[in-house]
Amino acid sequence: MKPYPHQALQTYERFAPEEMRQRAHEFREMLTRRRSVRQFSTEPVDRVIIEDCLLAAGSAPNGANLQPWHFAVVSDPSIKHAIRLGAEKEEHEFYTRRASQEWLHALEPFGTDADKPYLDLAPYLIVIFSQKTSLDPDGIPVKNYYVQESVGIATGMLITALHYAGLATLTHTPSPMGFLNGILQRPESEKPFLLLVTGYPAEDAQVPIISKKPLSKIASFYE
Ligand code: IYR
């Protein structure tokens with residue numbers, strides 16, 4: 001078999017050790033300023049920013065480069081409202097019936113409930129779909145690999161890109177999310193992975209006082 005064409009790695013950038021330390025530290029400081037926001041401004045966002053962030057997400061490492069994701073980007077107020085109604089129906093079930101006492105207790109610090117006004121207010125709702133199959137050049141469905149991992153990585157990169165660009169996000173997972181296929185007319189082979197509420201934070205946005213685990217709790221070094 002003829003080897004698949006390769007070329008020299010031209011995009012890798014190497015930095016001097018001191019510069020690497022500084023870059024790592026500055027990036028950490030930038031990223032740890034990200035907070036999940038639940039109060040959004042209605043101020044519109046330039047679509048070009050969203051497009052660049054989506055292309056950043058689309059560069060994610062993934063199984064066999066099949067890129068098993070689709071981003072449905074919603075700014076149409078009537079579609080946002082339909083999503084709000086669908087999500088609130090599921091969330092109402094969740095908060096009144098489906099969630100265990102233990103789960104509701106874990107959510108107490110965040111003060112969340114079934115009311116989701118940000119789904120109307122935020123200028124963009126980005127629904128990330130994962131694709132079990134892709135279509136080959138002849139239009140035949142082929143199996144995708146490591147779909148959850150790939151879409152999770154792309155979503156993390158999207159959140160990072162949006163934050164870096166100066167936008168706030170909320171990862172919202174109304175469960176089950178099947179209603180999104182109907183509203184957004186996505187095929188059965190796609191499954192909603194996550195809904196990313198995106199925009200500027202409201203001027204009076206509040207966030208809970210929480211902390212992240214220290215390094216000693218999230219990492220162990222074998223040296
Ligand atoms: N999907 C619900 C509940 C919820 C669950 C978790 I885990 C959270 O970290 C936050 C919310 C909601 O959006 O309210």
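First listed ligand is number 1; within each ligand, the first listed atom is number 1.
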Cationic N near anionic O, under 4.0 Å, Glu26 to Arg23: no

Residue pairs fulfilling side-chain hydrogen bond (donor to acceptor under 3.5 Å, both in side chains) with at least one residue in residues 81-94, sequence neighbours excluded: His81-Asp120, Arg84-Glu88, Arg84-Asp115, Arg84-Asp120, Glu90-Arg98, Glu93-Arg97

Quick check: are there more than 12 heavy atoms from other residues, nucleotides or ligands sitting under 6.0 Å from CD of Glu108? yes

Trp69 ring center near Phe193 ring center (under 6.0 Å): no

For Tyr95, look at atom OH and say whether over 12 heavy atoms of other residues, nucleotides or ligands are found less than 6.0 Å away. yes

Identify the protein atoms, limited to N or O, that lie within less than 3.5 Å of an N or O atom of ligand 1, and list each pair with its distance to 0.1 Å.
| from | atom 1 | to | atom 2 | distance (Å) |
| --- | --- | --- | --- | --- |
| ligand 1 | 1 (N) | Glu91 | OE1 | 3.2 |
| ligand 1 | 1 (N) | Glu91 | OE2 | 3.2 |
| ligand 1 | 13 (O) | Glu91 | OE1 | 3.2 |
| ligand 1 | 13 (O) | Lys116 | NZ | 3.3 |
| ligand 1 | 13 (O) | His172 | ND1 | 3.1 |
| ligand 1 | 14 (O) | Glu91 | OE1 | 2.9 |
| ligand 1 | 14 (O) | Tyr95 | OH | 2.4 |
| ligand 1 | 14 (O) | Lys116 | NZ | 2.5 |

Would you find a donor on one side and an acceptor on the other, under 3.5 Å apart, between the side chain of Lys116 and the backbone of Asp113? yes

